[in-house]
Amino acid sequence: MNITTLGLESYTSASVFFLVGSAFVAGLARGFSGFGSALIFIPLASSVIGAKLASPLLLVIDFVAAAPLIPNAWRQADRRDVGTMLLGTLIGVPIGTWALTRMDPLAVRWMIVALIVPMLALLMSGWRYRGTPTAALTAAVGALAGFFNGVAQVGGPPIVLYWLRDTTAARIVRANIIIFFAASSILTTITYLIGGVLTTAVVGLAVLTGPAFGIGLWLGSHMFGLASEETFRRICYVLIALAALVSLPLFDGVLR
C-alpha cells in the first residue's frame, strides 16, 4: 500500500513520519493513563490531515489497539458508575458528530480549550466536590464527554476531572476510563457511519498509524505499574495541560 492509496499524496514524507510519531506518543499516553490519546493525537494529526480525518482515524486505531485492555479493566471498574455516565453519552455523541460535520472546526477547537483550562485550574487548586455525586450529574458529565468525543475524540478531560474528584484508586479510575471509551466508541462508530465521516480513506490511514499506536499502547500499559497513585494523578494533570497548550490554533503554523 503506497502513499497515494492512503490518500496522503499531498503530504511530504516528513508529514507522514510526523503523523506516525504522533500516533506512537498518543498510544503511550493512552496505555499509561487510560486516556490522553486524543488530547495528543487530534491537534497534531489535524494539522496534517484535518479534523474530519483525524477524529475517525483515532477512533479506529484506538478501539482496535485498546481491545486487549478491556477484560482486566472490566474486572476492576465501577461498572454501575460507568453505565450511568454512558446514558448521557447517548445524547452527547450524536450532537458532537453533527458538530464535526457542520460547525467551523476552528471554533470547535477554541471551545475545547476554553473547557479544559478552567477545569484543570479548578482541579489543581485543591477544590473537591464534597457532596454525594448524583446519577443526574454523572450522566451530565457523560453527555459532555460524549459531545467532545463525537466532535474530536477528546472526551477525556471531563471524565478524568470528574473521576479524580476524590481518593478513588488510580487503577479504578483507569479501568473506568477504559470501559467508558470502549463502550462509547461503539456509539461513535455508528454516528460516524451515519454522518459519512468513517470512510475508506480512514481505514487506509489506520493501516499506516495503527502499528505505531499499538506499540506505544503496549509500552504505556507496562509503565503504569511503575508509578504511584500520586504520580498517576500528576501525570494526568500534565497531559491535560499539554493538551490545552498544543490544541491552541495559535500554534498551527508551527505544527504544519
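We count residues from 1, following the sequence as given.
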Review point. Which residue pairs satisfy the salt bridge (Lys or Arg N to Asp or Glu O under 4.0 Å) criterion with at least one member in residues 139-149, sequence neighbours excluded?
Key: none

Practice item. Not counting sequence neighbours, which residues clear side-chain hydrogen bond (donor to acceptor under 3.5 Å, both in side chains) with Thr189? List them please. Key: none

Practice item. Go through Tyr162 and Thr138 one step at a time and tell me if the side chain to side chain contact (heavy atoms under 4.5 Å, CB included) criterion holds. Key: CA-CA 8 Å; Tyr162 182 72; Thr138 302; 2.7 Å; yes

Exercise for review: Could you verify whether a donor N or O on one side chain and an acceptor N or O on the other, from Asp78 and Trp163, lie under 3.5 Å apart?
Suggested key: no

Exercise for review: Could you tell me which residues satisfy side-chain contact (heavy atoms from CB on, under 4.5 Å) with Ile194, sequence neighbours excluded, listed by chain and number?
Suggested key: Ile190

**Study point:** Within residues 185-196 or reaching into it, pairs that qualify as salt bridge (Lys or Arg N to Asp or Glu O under 4.0 Å) - sequence neighbours excluded
**Key:** none

Check your understanding: Hey, are the side chains of Ser55 and Leu100 touching, using non-hydrogen atoms and a 4.5 Å cut-off?
Key -> yes

Point to revise | By side-chain hydrogen bond (donor to acceptor under 3.5 Å, both in side chains) - contacts of Thr188 (at least two apart) | key: none

Exercise for review: Decide yes or no for Asn176 and Ile179: does some side-chain heavy atom of the first lie under 4.5 Å from some side-chain heavy atom of the second?
Suggested key: no

Point to revise | side-chain contact (heavy atoms from CB on, under 4.5 Å) partners of Ala140, counting only residues at least two apart | key: none

Which atom pairs, donor and acceptor, lie under 3.5 Å between side-chain atoms of residues 144-159 and protein residues at least two apart or in another chain?
| residue | atom | partner | partner atom | Å |
| --- | --- | --- | --- | --- |
| Asn149 | OD1 | Gly155 | N | 3.0 |
| Gln153 | NE2 | Asn149 | O | 2.8 |
| Gln153 | NE2 | Tyr192 | OH | 3.3 |

Review point. If you take all heavy atoms of Pro56 and Val197, which pair is closest and at what distance?
Key: CG-CG1, 3.5 Å

Exercise for review: Return each pair, listed once, that meets salt bridge (Lys or Arg N to Asp or Glu O under 4.0 Å) where at least one residue sits in residues 176-201; pairs must be two or more places apart or across chains.
Suggested key: none

Practice item. Kindly state each residue pair satisfying salt bridge (Lys or Arg N to Asp or Glu O under 4.0 Å) with at least one member in residues 47-63, sequence neighbours excluded. Key: Arg30-Asp62

Let me have the donor-acceptor pairs involving side chains of residues 86-94, under 3.5 Å, with sequence neighbours excluded, atom names and distances please.
| residue | atom | partner | partner atom | Å |
| --- | --- | --- | --- | --- |
| Thr89 | OG1 | Met85 | O | 3.2 |
| Thr89 | OG1 | Gly142 | O | 3.3 |

Check your understanding: What's the spacing between Ile95 CD1 and Thr191 OG1 if we round to 0.5 Å?
Key -> 11.5 Å

Would you give me the side-chain donor-acceptor pairs under 3.5 Å for residues 200-218, sequence neighbours excluded?
| residue | atom | partner | partner atom | Å |
| --- | --- | --- | --- | --- |
| Thr209 | OG1 | Leu205 | O | 3.0 |

Revision key, fill the gap. With sequence neighbours left out, the residues meeting side-chain contact (heavy atoms from CB on, under 4.5 Å) with Arg75 are Pro71, Asn72

